[in-house]
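Report on the following structure.
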Amino acid sequence: MNLSKNILLFSIVITIVFFVDMIKDYQPTFASDWNTHWGYLAGTTFGIIDEKWAFPNWVYAPWYYMFCSYVFGPIFFLAYKINFIDIREAGMFTMLFGSLLLKIITIFGSFKLSQLIFKNKYYASLFVLIVVVFPFGNKAFYDHASETFGIAILPWCIFFLINFVNNNKTKYLFYYLIAVGLGSTVKMNVLIPFLIF
């Protein structure tokens, strides 16, 4: 196995280790707006709303919630329905597992991008390692947040754009436009890096 694949495997393993540690020691209030997030997700995913819950004044990052809801929502909805977990845990685990998958997508995107821009495997591997170990100011790489969705799309966006410029194939432009559209509509603090890149 070459250096790049070793780094890729290491990055995935370390991300899963952080994830398992978070699940093991989870608290119902990871962040100040945690209750609004899980309550909103429970309402949109499971159709369960309690007037005592707090909801966000306005909803951003619809793609993040849709991704989590459609990929992991049915699993935790079933667990809730058979009384294995409560509704708060169903919403929380839907978000956490969705974020884990987005982080793995980020790692693969960074790996593909690094292979494209660095011919030297050492530099390509170092790039992936830096993205995972030092997540360039992304407070939520090892946490759950809507920014995780934008971060996951960013390396793919750059990858498709470079491929379009180099190969002039319309399919890469199409993929790029979808990626930049999804990523830039997540949140303002995600739109700015997308515009810069």
Side-chain angles (χ1 to χ4, degrees), residues 7-26 30-31 33-34 36-42 44-46 56 59-77 79 89-116 127-161 175-194 196-197:
I7 293 293
L8 179 65
L9 183 63
F10 169 77
S11 301
I12 292 170
V13 168
I14 199 75
T15 301
I16 291 171
V17 166
F18 273 92
F19 175 76
V20 169
D21 184 59
M22 186 191 326
I23 290 289
K24 181 172 57 78
D25 299 322
Y26 93 89
F30 276 120
D33 57 358
W34 175 246
T36 63
H37 286 290
W38 80 257
Y40 173 73
L41 194 62
T44 56
T45 305
F46 310 121
V59 176
Y60 51 79
W63 313 124
Y64 169 71
Y65 290 108
M66 286 174 68
F67 176 84
C68 293
S69 294
Y70 292 130
V71 176
F72 291 102
I75 297 167
F76 295 108
F77 178 73
E89 291 172 322
M92 182 202 68
F93 286 130
T94 298
M95 285 179 65
L96 291 179
F97 277 85
S99 293
L100 172 66
L101 184 55
L102 286 169
K103 290 160 195 171
I104 291 172
I105 290 170
T106 305
I107 293 168
F108 275 103
S110 301
F111 181 71
K112 294 291 286 181
L113 178 61
S114 69
Q115 288 183 320
L116 186 66
F127 177 80
V128 175
L129 189 61
I130 287 171
V131 167
V132 176
V133 178
F134 307 103
F136 58 94
N138 174 21
K139 63 178 183 176
F141 191 82
Y142 296 117
D143 207 343
H144 52 273
S146 52
E147 289 87 351
T148 311
F149 186 85
I151 297 295
I153 291 177
L154 187 58
W156 289 103
C157 187
I158 300 169
F159 174 78
F160 293 137
L161 182 60
Y175 296 150
Y176 166 74
L177 291 174
I178 289 175
V180 78
L182 287 173
S184 61
T185 55
V186 171
K187 223 175 157 184
M188 185 61 73
N189 62 350
V190 178
L191 170 63
I192 292 169
F194 268 79
I196 291 170
F197 283 109

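Only this structure's heavy atoms are used, side chains among them; waters, hydrogens and symmetry mates stay out.
Note that CZ of F149 is 11.0 Å distant from CG of L101, once rounded to the nearest 0.5 Å. Taking CG from L102 and CD1 from I107, the interatomic distance works out to 11.5 Å, rounded to the nearest 0.5 Å. Summarising the geometry, atom CG belonging to L113 is positioned 12.0 Å from atom OG1 belonging to T106; distances are rounded to the nearest 0.5 Å. Here CD1 of I104 is found 11.5 Å from OG of S99. Values are rounded to the nearest 0.5 Å. To the nearest 0.5 Å, atom CZ of residue F160 and atom CD1 of residue I153 are 10.0 Å apart.
Shortest non-hydrogen contact noted between P155 and S110 is CB-N, 3.8 Å. S69 approaches P74 most closely through the heavy-atom pair O-CD, 3.3 Å. Of all heavy-atom pairs between C68 and T94, the closest is O-CG2, 3.3 Å.
With sequence neighbours left out, the ring pair (Phe, Tyr, Trp, His ring centres under 6.0 Å) criterion links F72 to F97. Residues forming a ring pair (Phe, Tyr, Trp, His ring centres under 6.0 Å) with F67 (at least two apart in sequence, or on another chain): none.
Under the 3.5 Å distance criterion, the side-chain polar atoms of W156 are matched with a main-chain donor or acceptor of I105.
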